[in-house]
Amino acid sequence: QRSRPLPDPREIRPDLNAGLAELIVSLTDPEPNVRLQSADEALSAINEMAGTCFAVAEPAHASFDLNGALVGRKRDLQDLERLWQGAHEGGGGAALIVGEEGIGKSRLLAELKLLVQLEGGRVYLARAASDHTSPFPAFAAVLHRLIADSDDAHRSLWQRCQALLASLSQGAPTDTSRKTRWHDEEQTRFALAESLAETLVDLARQRPLVIGIDDLHLAGLAERELFAYVARAAPTSHLLLVGATRPECAELLDRALENAARYVRIDLNPLDLSSVLTLLSSIFGRALPETLATDLHRTSGGNPAFLARILEELVAAGSLKRRRGRWRLVDENPAITLPPSALAAARTRLATLDADAMALLSAAAVLGDRFDFADLRELTGVAEDAVSARLSAAVNARIIVAGADNAALSFAHAELGRVIYDATDVASRHRLHTRAIDLAQRKRARGEPVSAALFARHYVALGARELAAEHAIGAAR
């Protein structure tokens, strides 16, 4: 029932009213967002079905939860499930889940936790912290919980846990110029890592154990090294160690783990359009047309957290409302804004592009939010192969979205185009606008349609107000 709705109740009671059958199914749907959300929504459905007049209060604020369904991560979860089965049988392992903010790392860890618990294993999840007053806060948190779950039958192991916890929880000295036992004394660090690995392996012998450390990119070097050491010890045990990190820290951890047996790196890619459509329909049903869903995918870049923030803005603006137990799109053409966190992530991806790709994007930003491959190539004078390669890099960085034939192109969001345009120096912008006017004139001479509004926009950017006004008047006719 967790994975699919109940069968039609009329298969058991053929005389059941159709509306009541629908109400029962909607109350037991496995997707939390599809179920009726409150007693008032249930009463509203009963009023509509039975013609009753129960008083119903309008909800002050409708909410939704994108975490109700795990979409587009089946293969990633299967990789973790295989590692878990290996640990269950005595051949443990390690995994590193890699992805940008909001892409679903924590969600995947939560799904693994449920899977392991349903199969009788133990799971302890903790988050690394950027506050390094304690050198190993995540592992200390795990040991705290292990001790809290202890029993008298394995007293010696729990005593070892308590001794380890005392060691792990020692704060770093305020005088950072002094050598410390944790960060500068290799032998002490090795002894601590060995003791922790042995303790976790011994605990896993009693009952298979999964340790998950989220936000490893926030961890200090000492804790990341400790994670790698324990991971290398896991394959000989019933222990599975899973870490989650952002890409900027992944390569260092990857190198530290490359010699670990049964190690898997799982890179979480953005959700594709099909997955976003599935996710949205599981929550909003048919309330969102496919064209809007496509724009939501484009703007969010397939990032579930960014998608949720965009949808929250639509709900807050009143464009998306819940009425009579169903989501309704009130505004057929709602304004979709780019969340600040999504823009910050896009800036990070922009920083990975080389100077040639950025120069091409500057030219694209002058052409506008949407542009053609042929126009971009003619505007820049760059060879076709070079334009293709640079655009591919921008598409991979989710700055540019390409159409099916790769001819129609657009920025993932208009705000990205504005960011790139503003970052281009004034002299380069003027040069590109002048070339864009020349390009438009050549196209018009070839008999291709070119709007007067396009000329007006370029002349405004060049400060040629009279010419801009002339074309603006032409555009209005």
K.L.:
Per the salt bridge (charged side-chain N to carboxylate O under 4.0 Å, His left out) rule, what does the pair list look like for residues 259-281, sequence neighbours excluded?
P.N.:
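Matches after skipping sequence neighbours: Glu251-Arg265, Asp254-Arg265, Arg265-Asp267.
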K.L.:
What pairs of donor and acceptor atoms, side-chain ones from residues 74-82 against any protein atom, are under 3.5 angstrom apart with sequence neighbours left out?
P.N.:
{"residue": "Asp79", "atom": "OD1", "partner": "Arg82", "partner atom": "NH2", "Å": "2.3"}

K.L.:
Just jot down the ring pair (Phe, Tyr, Trp, His ring centres under 6.0 Å) partners of His458, sequence neighbours excluded, or say none.
P.N.:
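Applying ring pair (Phe, Tyr, Trp, His ring centres under 6.0 Å) to His458 gives His433.
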K.L.:
Enumerate the side chain to side chain donor-acceptor pair (under 3.5 Å) contacts for residues 224-234, please, sequence neighbours excluded, ordered by first and then second residue.
P.N.:
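Qualifying pairs, neighbours excluded: Glu194-Tyr229.
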K.L.:
Under the side chain to side chain donor-acceptor pair (under 3.5 Å) definition, can you give me all pairs with a residue in residues 341-350, not counting sequence neighbours?
P.N.:
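Checked against side chain to side chain donor-acceptor pair (under 3.5 Å) - neighbours excluded - the pairs reaching residues 341-350 are Glu100-Arg349, Arg309-Ser341.
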K.L.:
Check side-chain contact (heavy atoms from CB on, under 4.5 Å) between Asp369 and all other residues, then give those that pass, not counting sequence neighbours.
P.N.:
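Asp369: side-chain contact (heavy atoms from CB on, under 4.5 Å) contacts with Arg298, Phe411, Ala414.
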K.L.:
List the residues meeting side-chain contact (heavy atoms from CB on, under 4.5 Å) with Ile336, not counting sequence neighbours, and say none if there are none.
P.N.:
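Here the qualifying residues are Leu292, Asp295, Leu296, Thr299, Ile310.
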K.L.:
If the condition is salt bridge (charged side-chain N to carboxylate O under 4.0 Å, His left out), which residues does Glu258 pass it with, not counting sequence neighbours?
P.N.:
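Salt bridge (charged side-chain N to carboxylate O under 4.0 Å, His left out) list for Glu258, sorted by chain: empty.
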K.L.:
Salt bridge (charged side-chain N to carboxylate O under 4.0 Å, His left out): which pairs involve residues 426-442, sequence neighbours left out?
P.N.:
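Output for this query lists Glu378-Arg442.
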K.L.:
If you look only at pairs with a residue in residues 350-363, which of them pass as a side chain to side chain donor-acceptor pair (under 3.5 Å), with sequence neighbours excluded?
P.N.:
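Listed once each, the pairs are Ser362-Thr424.
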K.L.:
List the residues meeting side-chain hydrogen bond (donor to acceptor under 3.5 Å, both in side chains) with Glu415, not counting sequence neighbours, and say none if there are none.
P.N.:
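Applying side-chain hydrogen bond (donor to acceptor under 3.5 Å, both in side chains) to Glu415 gives Arg418.
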K.L.:
Can you name the side-chain hydrogen bond (donor to acceptor under 3.5 Å, both in side chains) partners of Glu384, sequence neighbours left out?
P.N.:
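None.
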